[in-house]
Amino acid sequence: MTSSPNRPIAQSPKYVPQDFEAGWMQKWEADELYKTAPADERPKAYILDFFPYPSGDGLSVGHCRNYVPTDVMARYFRMKGYNVLHPMGWDAFGLPAENAAIKMKTNPAKLIAQFSANYKRQFRLIGISFDWSREINSSTPEYYRWTQWIFLKLYYAWYDPREHRARPIAELEKELSVTGTREIPNARAEITADEWNAFNKKQRSEFLSNYRLAYRKPSVVNWDPVDKTVLANEEVIDGRGWRSGALVEKKVLQQWFFRITEYSERLIADLDTIDWTEHIKLMQRNWIGKSVGAEVDFQTDAGALRIFTTRPDTLWGATFMVLAPEHPYVEKLVTPEHKARVNQYVKEAKAKTEVERAEEDKDKTGVFIGAYATNPVNGEPIPIWVADYVMLSYGTGAIMAVPAHDQRDFEFARKFHLPIRVVIQPDGEILDAEKMERAYPHDGAMANSGIFDGTPADVAVEKVTRWLEEKGFGAKRINYKLRDWGISRQRYWGTPIPIIHTAEGEITIDEQALPIELPNVDSYEPTATGESPLANISEWVSVTLPDGTQGRRETDTMGTFACSSWYYMRFTDPRNDAQPFDVKEVNYWCPVDTYVGGAEHAVMHLLYARFWTKVLYDLDIVSFIEPFQRLRNQGMIMAPQMKDGKYEKMSKSKGNVITPDEMVAQFGADALRAYEMFISDFSMATPWQTDGLAGTHRWLTRVWNLFLEPARENLPQANDEQIKLLRRALHQTLKKVEDDINAFAFNTVISSLMTLTNVMVKAKDSARYPEAVWAEALNTLLLMLAPIAPFMAEEIWARLQRTYSIHQQKWPPYDADAAKEELFTLIVQVNGKVRGKIELPVGVSEDEAKQKAFDDVNVKKWVEGKNIERVLYVPERLLNVVVK
RNA sequence: GCCGGGGUGGCGAAAUUGGCAGACGCCCAGGACUUAGAAUCCUGUGCCCGUCAAGGGCGUAGGGGUUCAAAUCCCCUCUCCGGCACCA
C-alpha cells in the first residue's frame with residue numbers, strides 16, 4: 001500500500017470527524033481491508049453477532065451496543081495476527097417482512113433489499129469492519145437451497161437411542177427388515193420384521209414418520225387469528241401471539257416437526273462444555289425441564305393405566321387418580337351414569353384457550369368418571385377423576401394424586417372432599433391430614449407405607465423405584481418438558497419444504513433438484529382456511545413426477561428458526577454453489593468463538609442451532625458438536641431517563657428512539673463507538689445519555705490534540721523518574737486494555753485509555769521526553785485506539801506520514817518490566833479503620849512494614865496506651881492492628 | 001407462585017472477587033483565556049462535624065449475622081427487571 005492515502009486529507013487542525021470518516025470507510029472497502037482469507041495456518045477468531053432481521057426502522061443506538069464491541073474484538077484480533085471472520089447477513093424470511101410487504105402492497109424481497117441496504121449504510125457509518133463479500137440473505141434461493149438440503153438430512157435420519165446419535169434412516173430400514181423394532185429400546189411404534197417386509201411403500205413411509213428427525217403429524221396447534229398462522233409454543237406469550245397480541249386459538253392441522261426431543265439429554269449435558277452466560281444456560285435447562293422419576297401402572301377395567309411421578313416414595317399416599325381431558329382412558333372407563341357430565345366437562349376443557357386455562361389459575365375443576373384404579377403398592381381401589389390441571393402432553397397424561405404432598409392435588413382434594421393421607425413425616429413435626437393448610441411437598445421419612453415406613457428421604461425414591469422394578473409395578477423414567485420443534489408456517493415468505501405428497505405417500509425432492517423456489521405471486525395474503533397462500537397457486541402445487549404420478553407440493557413453509565440454525569456455517573463459505581459449505585472451511589472456522597446478541601433468544605434460536613449442529617455432527621457433515629463456544633448477551637439501552645427517574649424502552653411508538661445517524665452527525669462515529677463501550681458494563685441495561693457522548697467526544701479531541709498540536713516550547717528535559725512513570729502508565733494500560741477486551745469489560749477499556757490520555761497530556765505539557773520514549777508512547781496509544789476509534793486512528797496515522805493502514809499493523813508489544821510498580825501504598829488500619837497510608841517499596845519485609853506503620857504519627861495516636869492484640873499483614877496491601 | 005439477575009454520590013458507573021468505597025465520565029460550582037459568548041484549560045465536587053486546616057463521624061436498598069476486615073459471604077425484609085408458570 002502507498003504511504004499516503006489516495007484521497008484528499010482534510011487539513012483542519014481541529015478534530016472534525018465528519019471531514020474524514022466517510023472517506024476512510026470508502027477507501028478501506030475499496031482496498032478490501034477487512035476481507036477474510038480462507039482457512040490457513042493462522043489461528044482463527046470467528047466473532048459473530050446474532051443474525052438480524054433488517055427492520056424498516058433501521059438501527060438505533062441501542063442496537064449498536066453489541067455491534068461496536070464485537071467489532072472492537074474483531075479489529076483487536078486482526079492486529080494480534082489472527083485470521084478473523086466477522087461477517088453479517090440478513091434473517092430475511094418471516095412474518096415481519098411479509099406483513100410489512102402486505103401493508104405496503106409490495107414484495108417482501110424488495111423490502112428486504114431496501115431495509116438491508118439501510119442497515120448496511122448504518123454499519124458503514126459507524127465503522128463496523130464486516131467482510132461484505134460474505135454477506136448472505138436467508139431468503140435467496142442460493143441460501144435456502146441449503147436450508148432445504150439440511151431439512152432432507154433430518155428427514156432421512158433417525159435417532160438411535162442405543163448409540164445416542166442420529167443415523168441414516170436407511171440403516172433403520174435395514175434393521176426393520178431383519179429384526180423389526182425388537183432391538184430398539186422404547187420403540188416409538190412396534191413392529192416385527194415380517195410385518196415390515198409386508199408393508200407397501202406408503203405404509204413404510206408412514207411408519208418411518210415415527211422415527212424421522214423431520215416428520216409430519218396432526219397436531220393441536222396455536223392458531224393466531226390475526227396473523228392467520230400457526231405459532232410455535234415459544235411464540236405464544238401469556239396465551240397471545242408474540243407479534244399480533246391476539247388471543248391464540250386451538251386448531252388441528254398436519255404439521256412438520258423436528259424431533260429435537262431426542263436430543264434433550266445431550267442438549268443439557270453439553271451445556272457444561274460451553275462458555276455461555278450462566279443465566280442463559282439455566283434458562284435452557286429449565287426449558288428442557290428434565291425430571292427423574294418412575295412410571296407406575298395402576299390396574300383398571302380398561303387395562304393398565306400408566307402414570308408418571310417424580311415421587312414414587314409417596315405412592316402409598318395416592319388417594320385418587322387424575323386423567324387429562326384428552327386422555328383415551330376417559331372414554332374407555334367412564335361409567336354410564338357419569339358419561340353425560342364427563343363428556344360435557346371434556347368438551348369444555350378442549351374448547352378452552354391457553355389463556356382461559358391460565359386465568360382460572362388456582363381454582364381447580366374436575367369430574368369423577370365413576371371408575372376406580374388399583375394402587376399396585378397396597379391393592380387399594382382409588383377413584384379416577386378427569387381434570388384440566390393434568391396435561392396430556394407431559395408424562396403419560398395421567399397422574400396419581402397425593403394430596404398430602406402435592407399442592408395441586410391438595411387443592412383438588414379439599415375442593416372435592418377427597419381423602420388426604422400423610423405418608424411423609426418431616427423431622428421434628430407430625431403432620432395431621434385433618435389440620436393441614438397446604439401440602440407438604442418436601443423431604444421427610446416415609447410413613448403409612450408398609451415395609452418402607454421410616455425410610456429416610458435421601459434414599460426413599462431410589463429404594464422404592466428399585467422395588468417397583470423388582471415387583472414389575474413400574475420402572476425408572478426420565479421426562480422432559482421440551483416438545484418437538486414445530487416448523488410449519490402457513491405463510492408465503494419462508495423456505496419451501498421440499499416434499500411432494502402423492503397417493504403413495506411423501507416423496508422428497510432430489511438434492512440435485514434443489515432449491516424448490518418460491519413462485520412469484522401477486523398476493524401473499526394468508527388464507528383464512530389455515531392454508532398457505534401457496535396452496536392457491538395450482539400450477540406450482542400440482543406436480544407430475546417423471547413416472548407420471550400426480551403429486552401435490554407441500555405448501556407449508558419453514559419458520560425462520562430453520563434459517564438461523566445454520567447461517568453461521570454458511571458464512572464460512574458463503575458463495576459455494578455445490579455444497580452448503582466446504583468441509584475444510586466450516587471445520588476451520590467453527591465453532592464460533594464469540595457470539596453476541598440479546599438474551600431474548602435464550603430458548604429458541606440458541607437451542608435450535610445447537611440441535612442442528614448436533615444432528616450434522618452425528619451425520620458426519622461437520623466435526624464440531626456445539627455451534628457457539630462463547631456467548632455473551634448485551635444489556636438493553638433504554639431511552640434517556642425521564643423526570644421521574646424512570647426509564648422506558650426505546651420504541652418508535654413512544655418517539656424516543658435515538659439513531660446512530662444523528663449521533664454521528666453531531667459527534668462523529670468514533671465518539672459514538674467509544675460511548676457505546678463506555679456507557680456501562682456490557683451486560684447491564686442502562687439509559688442513554690447524550691451528554692455522556694459529549695464526554696467521549698471531548699476525550700477524543702484531547703487525544704487528537706495530543707498527537708497533532710505542537711508541544712510547548714522551552715520545556716525541561718524529562719528526568720529518569722518521569723520517563724519511568726510514563727512508560728509504566730503506558731504498559732499498565734496496554735495490559736489492562738487487552739485483558740478487558742478479552743473479558744468483555746469494554747467500559748473499563750475506555751476509562752483506562754482516558755486515564756492514560758490524561759497522563760500523557762500532562763507529560764507533554766511538563767517536559768520534553770526523549771524521542772524514542774515519546775514515540776513509543778504515541779505509537780502504542782494510537783494502536784490501542786485503532787480498534788476503538790478506527791477513523792481517527794487512521795487519520796492521525798496518515799497525518800503523521802505513517803504507512804497505510806493502521807488497521808494492518810501489529811498490536812503493540814507489552815513490556816511487563818516497564819509496567820512493574822516499585823512502590824505500593826500500605827493501608828494501615830487500627831481496628832479496621834484506616835488511620836494511615838504509607839508508601840513502601842514492593843517486596844518490603846513484613847517487619848519493616850510494621851515498623852514503618854507504627855512510626856506513623858496518626859497511627860501512634862490510635863494505638864498509644866492500648867493493648868495490641870493482633871496485627872494482620874496482607875503483603876503489598878494492608879496492615880490491620882487490633883487493639884483493646 | 002417458582003427460578004434467575006439487579007439496587008453503590010445529583011446522574012452513568014468502577015472496585016484486582018473478603019482488604020483504601022466512589023476509578024473514569026456526566027452534571028454542577030469557582031477560576032483562567034475572551035469586548036462578550038461558545039470552545040478549551042485549571043481547581044473543587046458522597047454526606048455531616050470541624051475554619052475552606054489538621055483531624056474525625058456516617059455511608060454501597062433496609063434490618064440482623066459471620067470476620068481482624070463485608071458493596072462483596074450467610075439469614076430476613078423491601079423494591080426493580082427478566083424468564084417460567086398447574087410439567088405431576
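Here is the naming used below: chain letters follow the sequence lines, and residue numbers restart at 1 for every chain.
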* Could you check A/D313, A/T314, A/T309 and say which one makes a side-chain hydrogen bond (donor to acceptor under 3.5 Å, both in side chains) with A/R311? => A/D313

* Taking only the side-chain nitrogens and oxygens of A/R877, find out if one of them lies under 4.0 Å from OP1 or OP2 of B/rG19. => no

* Just how far, in rounded Å, is P of B/rA23 from CG of A/L753? -> 18 Å

* If we take the P atom in both B/rC28 and B/rC76, what is their distance in whole Å? -> 44 Å

* When the distance from CH2 of A/W688 to C1' of B/rC11 is rounded to whole Å, what number comes out? -> 15 Å

* For the pair A/R728 and A/E822, find out whether any cationic side-chain nitrogen is under 4.0 Å from an anionic carboxylate oxygen. => yes

* No-hydrogen, no-angle side-chain donor-acceptor test under 3.5 Å, A/T261 and A/D484 -> yes

* NZ/A/K415: more than 12 non-hydrogen atoms of other groups inside 6.0 Å -> yes

* **Atom-to-atom span, NZ of A/K281 to P of B/rG4 - whole angstrom** => 16 Å

* For the pair made of CE in A/M754 and P in B/rA14, what is the distance, rounded to whole Å? -> 14 Å

* Syn or anti for B/rU8, with syn set at within 90° of 0? -> anti

* Near-ring test A/F410/A/H405, centroid separation under 6.0 angstrom -> no

* To do: Show the numbers, then the answer: is there a salt bridge (Lys or Arg N to Asp or Glu O under 4.0 Å) between A/K281 and A/E278?
  => CA-CA 5 Å; A/K281 287 193 188 182; A/E278 273 311 312; 3.7 Å; yes

* Base B/rC68 to side chain A/N880, donor-acceptor N/O within 3.5 Å cut-off -> yes

* Asked: Nearest-Å distance, CG (A/L693) to C1' (B/rC11)?
  -> 16 Å

* Asked: Do you see a donor-acceptor pair shorter than 3.5 Å between the side chains of A/S291 and A/N479?
  -> no

* Asked: Checking all strands, does A/L872 fall into the base, sugar-phosphate, or nothing category for heavy-atom contacts under 4.0 angstrom?
  -> base

* Hey, does A/A685 reach any base, or is it just sugar-phosphate, or nothing, if we go heavy atoms under 4.0 Å? -> sugar-phosphate

* Answer yes if the side chains of A/T701 and A/W699 hold a donor-acceptor pair under 3.5 Å, and no otherwise. => no

* To do: Measure from the side-chain heavy atoms of A/K364 and tell me the nearest of B/rC86, B/rC24, B/rG83.
  => B/rC86

* **Separation of B/rG55 C1' from A/K837 NZ (nearest whole Å)** => 14 Å

* Structure fact -> Using Watson-Crick geometry (N1-N3 plus N6-O4 or O6-N4) or G-U wobble (N1-O2, O6-N3), each under 3.5 Å, B/rA36 is paired with none

* To do: Could you say whether A/G397 or A/N286 is positioned toward the 5' end of RNA chain B, judged by the nucleotide with the nearest heavy atom to each?
  => A/N286

* Asked: How close or far is atom C1' of B/rA69 from atom CD of A/Q829, stated in whole angstroms?
  -> 6 Å

* Asked: At under 4.0 Å, does any side-chain N or O of A/W862 touch on OP1 or OP2 of B/rG55?
  -> no

* Take the protein atom CD1 of A/I827 and the nucleotide atom C1' of B/rA69, then report the distance between them rounded to whole Å. => 13 Å

* In the structure shown, which nucleotide is the Watson-Crick or G-U wobble counterpart of B/rG46, with both distances under 3.5 Å? -> B/rC58

* To do: Tell me whether the OP1 or OP2 atom of B/rG56 has a side-chain N or O from A/R835 closer than 4.0 Å.
  => yes

* What is the base-pairing partner of B/rG22, counting Watson-Crick and G-U wobble geometry with both distances under 3.5 Å? -> none

* Is any side-chain N or O of A/N747 closer than 4.0 Å to OP1 or OP2 of B/rA14? -> yes

* To do: Check every strand shown and say whether A/V882 touches a base, only sugar-phosphate, or nothing at a heavy-atom separation below 4.0 Å.
  => sugar-phosphate

* Counting only side-chain N and O atoms of A/T686, is one of them less than 4.0 Å from OP1 or OP2 of B/rA13? -> yes

* To do: Have a look at A/N758 and say if it touches a base, only the backbone sugar-phosphate, or nothing, with a 4.0 Å heavy-atom cut-off.
  => sugar-phosphate

* Asked: Going through the distances and angles, do A/D272 and A/R285 end up as a salt bridge (Lys or Arg N to Asp or Glu O under 4.0 Å)?
  -> CA-CA 11 Å; A/D272 293 336; A/R285 281 195 194 97; 3.3 Å; yes

* Structure fact -> Walking RNA chain B from its 5' end, the first of A/R311 and A/K649 to be reached, judged by nearest nucleotide, is A/K649

* B/rG63 glycosidic torsion: syn (within 90° of 0) vs anti -> anti

* Asked: For atom CD of A/E821, is the number of surrounding heavy atoms from other residues, nucleotides or ligands below 6.0 Å larger than 12?
  -> yes

* Identify which nucleotide among B/rA88, B/rA23, B/rA13 has an atom closest to any side-chain atom of A/S751, counting heavy atoms from C-beta outward. => B/rA23

* Structure fact -> Across every strand shown, the nucleotide meeting Watson-Crick or G-U wobble geometry with B/rG4 (both distances under 3.5 Å) is B/rC81

For nucleotides 39-47 of chain B, print each protein N/O atom paired with a nucleotide N/O atom at under 3.5 Å, atom names and distance only.
from, atom 1, to, atom 2, distance (Å)
B/rC41, OP1, A/R702, NH1, 3.1

* To do: Report yes if a side-chain nitrogen or oxygen of A/K833 is closer than 4.0 Å to either non-bridging phosphate oxygen (OP1 or OP2) of B/rC58; otherwise report no.
  => yes

* Scan A/L282 against the nucleic acid and name what it touches under 4.0 Å (heavy atoms): base, sugar-phosphate only, or nothing. => sugar-phosphate

